[in-house]
Amino acid sequence: MVDLSRLNPQQRDAAATLEGPVLILAGAGTGKTRTLTHRVAHMVDRGIPPDHILAVTFTNKAAREMQQRVVKLIPKLPARDDGRPTKPTICTFHSLCVRILRRHIEKLGYKRNFVIYSESEQLGVVKKILAAISGKDVKVGPRELHGLLSRIKNAGPGRSIFADEDSLAMAETLRRRYDTALKACNAVDFDDLLVLTLKLFEEHPDALEQCRARYRFIMVDEYQDTNTAQFELMRALADEHQNVCVVGDDDQSIYGWRGADVTNLLNLEEHFPGVKVIKLEQNYRSTNTILDAANAVIRNNPQRREKQLWSANGQGDLIRLQAFEDEDEEARTVVDEIEFNRMARRIPWREQAILFRTNMQARPLETALRAAGVRYHLIGGQSFFDRREIRDFLAYLKTFINPNDDASLLRIANVPSRGLSDVTMERLLAASQTHDCSVWAATNKDLVRADFQPRTRRAMEDFIELVYQCRGRLKDEHLSLVQWATDFLAEIEYAAELRKGEKNLETAENRMQNLKDLVATMDEKNDLLPAERLGQFLDDLTLDAERESEKEDAGDAVTLITTHSCKGLEYPHVHLVGCEEGLLPHTRSMEEGTLDEERRLFYVAITRAMKTLTLTHCLSRKKFGSVVPCHPSSFLKEIPDTLVEDLNEKAAEPVSVEEGADMFAAMRAALD
DNA sequence: AGACACAGGTTTTTT
DNA sequence: ACCTGTGTCT
């Protein structure tokens with residue numbers, strides 16, 4: 001039996017209310033995950049079969065964490081008939097949809113072995129479309145168009161993003177071309193996972209019934225981040241039984257720009273009348289000084305569900321405010337501060353974080369940290385998938401699973417170069433269009449191959465043979481995928497290819513090691529057949545890019561992180577740099593009229609701090625090469641003076657005897 | 001096919 | 001300032 005008495009009254013109410021719609025308004029640091037995991041455990045105690053429980057999170061990391069904590073709370077899950085334990089489903093919206101679609105997608109005219117396109121593959125398709133219509137004066141870049149298409153898809157049919165008809169018609173045409181291109185490759189993108197599942201539910205009520213019967217108790221975490229498609233999905237599943245519990249904080253909605261719709265939370269009553277609203281306001285993370293500042297700032301936002309965070313942790317230190325001449329001085333001083341904390345106050349690097357609005361701000365910080373010999377790790381930035389070796393490898397895997405996947409095949413057809421030049425591939429692509437088939441199918445036609453030089457023809461035949469060979473080997477039931485992958489990488493001499501492309505031998509070896517590390521994990525799902533295991537491996541990997549960050553969090557190091565990716569994390573000592581008008585709030589958001597969201601971003605940043613918070617800004621900053629003057633962020637003025645220690649005023653005063661004594665005492669203690 | 005030069009564009013990021 | 005993508009030259 002799980003013990004709910006260790007929860008506070010509101011948390012307990014949330015964990016004990018199992019039926020009917022519930023909204024848990026969980027402010028920053030109020031024990032949201034703890035409440036949710038206890039709720040799941042409580043359900044199981046009350047006899048609800050675990051496989052009737054569905055908890056949806058936004059990231060795989062959050063899903064893993066919740067999974068682990070639930071298992072800890074209920075070590076002995078009830079067993080099924082076959083002796084295996086029944087587990088609650090804890091996953092992301094996207095992986096839930098993959099599971100559903102792997103069962104039912106044939107009803108929608110896709111083949112069961114569909115592939116999921118990663119960001120770069122999606123962009124590749126968009127670029128092709130843009131190139132095809134280059135006659136018209138197109139002013140949008142591929143990224144921009146891709147973002148647009150994504151927003152259209154997620155908004156769902158009937159909901160227009162544009163005011164004017166022309167743009168709408170244009171966007172619709174492009175969207176259709178994009179969808180057709182993907183479907184021709186039996187590929188789906190991230191948005192399709194949601195949209196196609198919705199379509200499935202609409203057109204095939206039996207599939208929906210099956211899911212409703214399975215998932216009778218639904219929880220959605222980070223509910224303020226749901227987009228329209230995700231909301232519709234949740235509603236489709238929960239409409240009948242109404243056993244839905246959403247957890248979120250409208251004040252931490254910072255992903256509106258990528259389609260998250262906070263009105264899903266603000267107007268929840270419209271769709272789930274009689275929803276029980278439970279507020280978690282006791283914060284277990286920060287000092288009251290920090291919470292008072294956060295409360296004061298966020299109060300300036302209209303249209304929010306009122307919350308007042310408080311804590312039993314006492315007042316704590318004042319928030320420190322510092323101004324600097326430029327970003328280099330800012331970086332150096334913050335690093336000095338970190339080192340002072342470590343040496344005089346025995347605060348290790350891992351308990352300190354530097355937060356910033358944009359990635360480019362990380363550069364001067366990294367320079368200063370290196371100069372001072374401080375260990376750090378930078379979160380975010382270059383994604384796993386931007387690495388060439390990973391993208392090549394995945395494209396090979398996708399080609400072997402489904403050679404009709406044009407994007408993947410075109411990517412690897414001539415990597416390493418095997419006599420299938422760009423020109424050849426262009427011609428094959430054209431042939432595929434005239435024959436109305438995939439590039440692979442076109443390449444396999446004698447008629448098509450006859451158009452090429454004997455040498456090229458030979459190269460094509462060799463390539464076809466390679467694909468058949470590798471696919472064929474997958475049929476062996478007892479195959480080790482690690483061995484299989486190692487073999488084909490050796491066969492195509494990929495290591496040599498990497499060395500050729502890299503001037504530095506060291507980085508080439510690094511890349512090869514990355515690949516080997518990845519390959520080594522391929523046989524983890526041992527209970528499946530090799531081909532299925534490969535499919536599962538690809539799905540997991542495509543939907544979860546964050547593998548390497550797990551191993552990097554070991555060791556003592558300062559965290560460098562953007563204000564966006566710090567959501568959900570906490571650090572004893574936080575330095576938020578670049579609190580300047582134009583940066584936080586960002587210029588672009590002021591133009592777009594999304595100042596509220598910037599304020600929430602500032603709110604999220606300051607509520608990461610447990611013990612101390614330092615806010616800094618510069619008087620000038622290099623932007624795109626030239627130096628521009630900067631002004632302090634208007635958000636700083638929203639923090640009551642009584643909570644702030646302005647170190648610029650203080651610098652003008654002499655150091656007090658008392659303070660000097662304190663500092664020396666601290667340093668003496670450090671020398672012990 | 002590969003190397004180099006020039007133009008353009010630069011928020012935030014997950015799945 | 002710097003990175004990416006494109007185009008041109010060898």
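Chain letters run A, B, ... following the sequence lines, proteins first and then strands; every chain starts at 1. Heavy atoms only: backbone and side chains are in, while hydrogens, waters and symmetry mates are out.
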For His564(A) and for His94(A), locate the closest nucleotide of DNA chain B by heavy-atom distance; then report the residue assigned to the nucleotide nearer the 5' terminus.
His564(A)

Any side-chain donor-acceptor pair under 3.5 Å between Tyr376(A) and Arg370(A)?
yes

What integer distance in Å separates Phe356(A):CZ from dT11(B):P?
15 Å

Test: Arg418(A) and Glu497(A) ion pair at under 4.0 Å
no

Do the charged groups of Arg457(A) and Asp451(A) touch, with an N to O distance under 4.0 Å?
no

Which residue lies toward the 5' end of DNA chain B, Arg588(A) or Leu420(A), if each is placed at its nearest nucleotide?
Leu420(A)

Centroid under 5.5 Å and tilt under 30°, His586(A) to dT11(B)
yes

Nearest whole angstrom, please: distance from the C1' of dT15(B) to the CD1 of Ile116(A).
9 Å

Planes under 30° and centres closer than 5.5 Å, is that true for Tyr255(A) with the base of dT13(B)?
no

Is there a side-chain contact between Thr562(A) and the phosphate of dT13(B), meaning an N or O under 4.0 Å from OP1 or OP2?
yes

Given 3.5 Å as the limit, does a donor-acceptor pair link the side chain of Arg103(A) with the main chain of Ala207(A), or not?
no

Tell me the interatomic distance from Leu595(A), atom CG, to dT12(B), atom C1', rounded to whole angstroms.
15 Å

Name the nucleic acid region contacted by Ser421(A), choosing base, sugar-phosphate or nothing; use a 4.0 angstrom heavy-atom cut-off, strictly under.
sugar-phosphate

So what does Phe58(A) hit on the nucleic acid, given a heavy-atom distance under 4.0 Å: a base, only sugar-phosphate, or nothing?
sugar-phosphate

Indicate, with a heavy-atom threshold strictly under 4.0 Å, whether Asn227(A) touches base, sugar-phosphate, or nothing.
nothing

Interatomic distance, Ile379(A) CD1 vs dT12(B) C1' [rounded to whole Å]:
15 Å

Under 4.0 angstrom, heavy atoms only, what part of the nucleic acid is Glu222(A) near: base, sugar-phosphate, or nothing?
nothing

At less than 4.0 Å, is any side-chain N or O atom of Thr92(A) found next to OP1 or OP2 of dT15(B)? Yes or no.
no

Are the ring of Phe624(A) and the base ring of dT10(B) both nearer than 5.5 Å at their centres and tilted by less than 30°?
yes

